[in-house]
Amino acid sequence: MTRKLISVLIANLFVAAPAFAQDFQLGGSVGIGGLYVDDDAIDAAKLNEYRDLSNGVLSVIELKGRSRNYYLDIYGENLARDDMFVDVRGGRYGQFKYQLYSDSLRHNFTFGAKSPYSGIGTALQTIDTSAGAVATVGNPALWSSYDLEYKRRKDGGALEFSFNSPWYVRLDASQIVFDGNKLQSYAKGTSPVNGFVDFAIPVDYTTRNLSLEGGYASKRLQVSLNFLSSKFENDNPVLRWSNNFFVGLDATPLAPDNDYKRWSANAILKQLPLGSALAVRYTTSRAENDVPILPSMLSTGGTTPASNATSPVFRGDIKYDTYSISLTSNPTRQIDTRLYLNHFEKKNESSKIDFLALPAGFGCGDNPQAGPPAVSDCDTELFSYKKKNYGVEAGFRLNPQNKFNAGFDYADLERERKDSTETEEKKYSIEWKNSSLDLLTARVKYQFTERRSNFVAGSLGVDANDPLYLQRFVARYDVSNLDQDLVKLALDFAPSPTVDFGVELNLKKNKYKDTVLGRTKDDRQELYLTAAFGDRDVFRVIAFADYEIIKYDSVHRTINAGTCPGTSPNCFDPFQPATTVAYNWSARNKDTNSSFGLGFDWPVREQLTVKGSVLWGRSEGDVAVAAQTLPGGAPAATLVPITNYGNNEKWAFNLKGIWRVNRNWELAGGYSYEELKFNDVQFDGYTYVVPLAPINTSTSYLSGWYANPGYKANIVYLFAKYRF
Amino acid sequence: MKRRLAAALMSAGAMALALVFAGAALAQARSAETPVCAKCHEESHTSIALTAHGARNDASGRLCQACHGDATEHLKDPTKVGMPNRFAKKLPGDDKSRICLACHDGHRQLAFWDSGKHRKNDVACNDCHNIHGKPGNPSVSPFVTTQRRLQYETCNTCHKNIRAQINKTSHHPIVEGKVACSDCHNPHGALSHAMVKNESVNQLCIDCHGDKRGPFVWEHAPVEENCLSCHNAHGSNHAKLLNEKVPNLCQDCHDWSRHPGTFYGGDASFAPGTQNTRFLARSCVNCHQAIHGSNAPGNRGKFFTR
């Protein structure tokens, strides 16, 4: 800490140096004020999610200095608060420039979260796992309370030298520190009915980045070479926690340390024939780590069978290589073109770790051995992929008021994956921009995307009584065959310099072709309206309204058994007639979002400005569902639809007055009101233990995260600012 | 808290020290040259006086004319000869950008301007930048503790769909002033899709989210390929910026016997007698927490339950 303070002081004295220049002009302001928040919330974390709304002092310092040769900008706000921001920039034109900054942020998840564990937020969290303690542990009235939150702070700086030449060298350094905890939850046993536990895991992360760049930048030619080194460190590599289902101390590996290095080279050549510019980029990067593998796992009765890893240490090594080429041309004033090629390759050269001969409940079914005891292996899969993408775009300006663009983009992706190893995607687009009418500009674009993948799971499973057989019919939407239609329309209407209207309409429809099980369709319909009116020096108001409907359609298969019962043969074939044990069901997820905003700036008189805004948003989600019908016509199951899926409504109202007392002094005061209503079936009737009865070793322990995110808040603030 | 306060006070003290030195310099300072244009356009001159542009101006208004055009005839009789508006809305973007690029072309930050979407879509420098500091549209946002004019308000004037997304309940702290559009995108042009600063979306995300960087013993394939398969980086109504609620998001890829393929409906939450840990609270992630990758042994790692 002392070293940090000294460096801050030195930095500030350094920045004072240009002040000695005789023509140096300085201006700025210093402000101080207070904030008072009165909230009505069971859990005010969502209100304070990214803001420090604690009652207290607000501050701001702003300094701008210029001379013929030097410049200096200092900005600091919310000093000593959890959302403090400080930025110092300066330099000598054409010679050098520097920047120092510090940006703090808090991320609040839940206030008053609960846990039966000791050591909340640390790497060792324990409960009494004896049989006699189960009831006590499962009594939330006896649990401890804590806040789920972390603070993030980024400190950094940059220094660049160019000494009035096209050559430059630049150094950037930053450190990002996370300090606090966040929610993670883990299964207690090996089946969903064995329960789970919410934990506040320790978050003590530090990422240190150092980047060095050198280059040459002129109007005709730019080349640069950049090296980045980024190290991520987690002070807590493993969370150890008491597991009263297996009766012992369990372990969960947390985010591993890693070391990331990247070299990148850029070259841009301009003023080529036909008004062309050629841009080339090459990057090569590597993410590496060494992670000790847990030598054993907690099992039934507190036993700890060995994990039988083929290596005690995982050596992570992932290499990324990319290159991009882009040639843009303007052969005439009316025509512009762009040709491009991108190549991206991820090579996973990590050590392949397999886990051999694991007992039932821990094996993965690879290479099964009948035993006794029955054991199987777990074979890891190292994922690599390669993507080639090229395309062409052409624009033709018929006249200054009409421009047409057309484009074709092709991507070929090869990957190592069990369901699909290659995907081809083609995009065709056309666009017309028109500004023939003096007051109106319109833009309409249509894009068609065709994606086709090969599927290599077509022979999985012995027959339709084999669970693996079902995978022949599952198409994962990120690779499944797809036809996409996208239409965008944008209108801007400005009947006068002080009035303008904007409309944007986006329609996107995805049809997942040939999909039997999985997402079959999704579409988005989005409408955005904006209107602004008034002279900024007299009265200016802006209003907007947004409306979105997003739908996802999908088909799935329920099989309520591990193997096909006699009453439901070939149950893993979705084309079989439905039975009450095995049936298909279809769902439509729908989100409807609306929002409205209004804001105004009103310079009431020379000394007084009033600003205000109101922002409202509502979202509603639901899921309609239907089960396949039995041969007799009745549905195979009674499925209850969902009518409140992430429903919420938000209000935010702001009113602020700024009084310029005189040339130097300014007073501001404001009031804000905010409200969030939240209703989600996944949190309705929230309880900290599940099930409520019986309380046993399969009971799940929940923290309260998102149980009560709603709030109302009144916010009042006053501020005095001195300008010089 | 005390140490934080001490740091803040010492920073403020150091700045005050700088101000003292500056004050001394101020006492001796000469006025920078005032351009002839300021005789009528004083407000425009004042707005740039303490900026990089203003500091390089001279009595003839060299810098004013660099942007606004030759003023020789205008100066002879300003009432009769006006200046053409070289930044009129109707003019092609390239014509307007050319004015700024006359000086700024060759800057490192503009290396990929020609390859970028903004140039292609007729966006000009003055669509985003306003060197005379004219006020923008009124701000419409929840209360924020920052007094800075935030970047997203400029970007949203065109990117209206993004305006809707960043105001949703789950979002990056863009509205709060902690993440700027330019933290992820390069508005001056980039070779990557959507002008993201890095080579790919994943490379961009792991710049900040180092805990998701891995490498992991067990990888989740769609995570390795594209974070946007599951997340919407700008904002979503679903927790953790997910595109769709869990379990539906997961079930769109995963179907198997028993719980992966089972529909969980309105009767599977906390209501007594029907509580189902596969649906209530965080659903699949209640157990399958390590969804971005795992280093746990055996099927604990393969199924991301540790």
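Heavy atoms only: backbone and side chains are in, while hydrogens, waters and symmetry mates are out. Below, read A as the first sequence line, B as the second, and so on, with proteins coming before strands; counting in each chain starts at 1.
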Participant: Can you tell which part of B:A239 gets under 4.5 Å to a heavy atom of chain A, answering side chain, backbone, both or neither?
Facilitator: side chain
Participant: Chain A heavy atoms under 4.5 Å from B:L249: which part of the residue, side chain, backbone, both or neither?
Facilitator: both
Participant: For A:Y186, is it the side chain, the backbone, both, or neither that has a heavy atom closer than 4.5 Å to a heavy atom of chain B?
Facilitator: both
Participant: Please name the pair of heavy atoms, one in A:C364 and one in B:K302, separated by the smallest distance, quoted to 0.1 Å.
Facilitator: SG-CD, 3.7 Å
Participant: So, B:R213 and A:E288, do they make that salt bridge, N to O below 4.0 Å?
Facilitator: no
Participant: Is A:P192 close to chain B through its backbone or its side chain, or both, or neither, when contacts mean heavy atoms under 4.5 Å?
Facilitator: both
Participant: Please flag which part of A:S350 lies under 4.5 Å from any non-hydrogen atom of chain B: side chain, backbone, both or neither.
Facilitator: side chain
Participant: Distance from A:F196 atom CZ to B:R278 atom CZ, nearest 0.5 Å?
Facilitator: 10.5 Å
Participant: Sort A:T558 into side chain, backbone, both or neither according to what part of it lies under 4.5 angstrom from a heavy atom of chain B.
Facilitator: both
Participant: Test the B:R300-A:F362 pair against the cation-pi criterion, namely NZ or CZ under 6.0 angstrom from the six-membered ring centroid and within 45° of the ring axis.
Facilitator: no
Participant: Assert yes or no for the condition that the ring centre distance of B:H171 to A:Y50 is strictly below 6.0 Å.
Facilitator: yes
Participant: What part of A:Q222 gets closer than 4.5 Å to chain B, counting heavy atoms only: side chain, backbone, both or neither?
Facilitator: side chain
Participant: Can A:K433 and B:D122 be counted as an ion pair, charged N to O under 4.0 angstrom?
Facilitator: yes
Participant: Scan side-chain atoms only and decide if A:S619 and B:N237 contain a donor-acceptor pair under the 3.5 Å cut-off.
Facilitator: yes
Participant: With a 4.5 angstrom heavy-atom cut-off, which part of A:L692 approaches chain B: side chain, backbone, both or neither?
Facilitator: both
Participant: Among side-chain atoms of B:N243 and A:Y552, is any donor-acceptor pair under 3.5 angstrom?
Facilitator: no
Participant: If you measure from the Lys or Arg side-chain nitrogens to the Asp or Glu carboxylate oxygens, is any gap between A:D546 and B:K160 under 4.0 Å?
Facilitator: no
Participant: In terms of side-chain heavy atoms, does A:R557 have a donor or acceptor partner in B:S257 at a distance below 3.5 Å?
Facilitator: no
Participant: Using heavy-atom distances under 4.5 Å, tell me whether B:K212 contacts chain A through its side chain, its backbone, both, or neither.
Facilitator: side chain
Participant: Under a 3.5 Å cutoff, is there a donor and acceptor pairing between the side chains of B:S269 and A:D684?
Facilitator: no
Participant: Do B:H193 and A:N342 have a side chain donor and acceptor closer than 3.5 Å?
Facilitator: no
Participant: Could you tell me whether B:E224 and A:R417 make a salt bridge, using a distance below 4.0 angstrom between a side-chain N and a carboxylate O?
Facilitator: no
Participant: Under 4.5 Å heavy-atom distance to chain A, tell me which part of B:S139 shows up: side chain, backbone, both or neither.
Facilitator: backbone
Participant: If I measure from the heavy atoms of chain A, does B:N198 come under 4.5 Å with its side chain, its backbone, both, or neither?
Facilitator: both
Participant: Checking heavy atoms, do the side chain of B:H209, its backbone, both or neither come under 4.5 Å from chain A?
Facilitator: neither
Participant: Got a second to check how far B:D255's CG is from A:L517's CG, nearest 0.5 Å?
Facilitator: 5.0 Å
Participant: Does any donor atom in the side chain of B:Y264 or A:Q682 lie under 3.5 Å from an acceptor atom in the other side chain?
Facilitator: no
Participant: Chain B heavy atoms under 4.5 Å from A:A309: which part of the residue, side chain, backbone, both or neither?
Facilitator: neither
Participant: Using only heavy-atom distances, determine whether the side chains of A:N560 and B:R258 contain a donor-acceptor pair under 3.5 Å.
Facilitator: no
Participant: For A:A652, is it the side chain, the backbone, both, or neither that has a heavy atom closer than 4.5 Å to a heavy atom of chain B?
Facilitator: side chain
Participant: Apply side-chain hydrogen bond (donor to acceptor under 3.5 Å, both in side chains) to the pair B:N202 and A:Y320, showing each step before the final yes or no.
Facilitator: CA-CA 11 Å; B:N202 281 35; A:Y320 303 90; over 6 Å; no
Participant: Counting only non-hydrogen atoms closer than 4.5 Å, does A:R338 touch chain B with its backbone (N, CA, C, O), its side chain (CB onward), both, or neither?
Facilitator: side chain
Participant: Evaluate the side-chain proximity of B:L280 to A:V690: yes if any heavy-atom separation is below 4.5 Å, no if none is.
Facilitator: yes
Participant: Salt bridge or not between B:E219 and A:K346? Use side-chain N to carboxylate O under 4.0 Å.
Facilitator: yes
Participant: In terms of heavy-atom proximity below 4.5 Å to chain B, should A:T328 be classed as side chain, backbone, both, or neither?
Facilitator: side chain
Participant: Answer yes if the side chains of B:Q251 and A:S554 hold a donor-acceptor pair under 3.5 Å, and no otherwise.
Facilitator: no
Participant: Side chains of A:S185 and B:R282: is there a donor and an acceptor less than 3.5 Å apart?
Facilitator: yes
Participant: Does any backbone or side-chain atom of B:R148 lie under 4.5 Å from a heavy atom of chain A? Answer side chain, backbone, both or neither.
Facilitator: both
Participant: Tell me, for A:F683 versus chain B, whether the close heavy atoms (under 4.5 Å) come from the side chain, the backbone, both or neither.
Facilitator: both
Participant: Given heavy-atom pairs under 4.5 angstrom as the criterion, report whether the side chain, backbone, both or neither of B:E225 touches chain A.
Facilitator: both
Participant: At their closest point, which heavy atom of A:R51 faces which heavy atom of B:P142, and how far apart are they?
Facilitator: NH1-CB, 4.1 Å
Participant: What part of B:N226 gets closer than 4.5 Å to chain A, counting heavy atoms only: side chain, backbone, both or neither?
Facilitator: neither
Participant: When heavy-atom pairs shorter than 4.5 Å are enumerated against chain B, which of A:L358, A:L702, A:I293, A:I268 gives the highest number?
Facilitator: A:I268
Participant: Could you tell me whether B:D252 and A:R476 make a salt bridge, using a distance below 4.0 angstrom between a side-chain N and a carboxylate O?
Facilitator: no
Participant: Heavy-atom distance under 4.5 Å to chain B: side chain of A:D591, backbone, both or neither?
Facilitator: side chain
Participant: Name the member of B:G265, B:G177, B:G210 that forms the most heavy-atom pairs with chain A at distances under 4.5 Å.
Facilitator: B:G210
Participant: Side chains of B:D211 and A:N234: is there a donor and an acceptor less than 3.5 Å apart?
Facilitator: no
Participant: Under 4.5 Å heavy-atom distance to chain A, tell me which part of B:F279 shows up: side chain, backbone, both or neither.
Facilitator: both
Participant: For B:V285, which atoms come within 4.5 Å of any heavy atom of chain A: side chain, backbone, both, or neither?
Facilitator: backbone
Participant: Distance to the ring centre below 6.0 angstrom and angle to the axis at most 45 degrees; does that hold for B:R163 and A:F544?
Facilitator: yes
Participant: Please classify the contact between B:T146 and chain A as side chain, backbone, both or neither, with a heavy-atom cut-off of under 4.5 Å.
Facilitator: both
Participant: What part of B:E176 gets within 4.5 angstrom of chain A, counting heavy atoms only: side chain, backbone, both, or neither?
Facilitator: side chain
Participant: Which atoms of A:T380 are under 4.5 Å from chain B, going by heavy atoms: the side chain, the backbone, both sets, or neither?
Facilitator: both
Participant: Report which part of A:N266 has an atom under 4.5 Å of a heavy atom belonging to chain B: side chain, backbone, both, or neither.
Facilitator: side chain
Participant: With a 4.5 angstrom heavy-atom cut-off, is it the side chain or the backbone of B:V223 that approaches chain A, or both, or neither?
Facilitator: neither
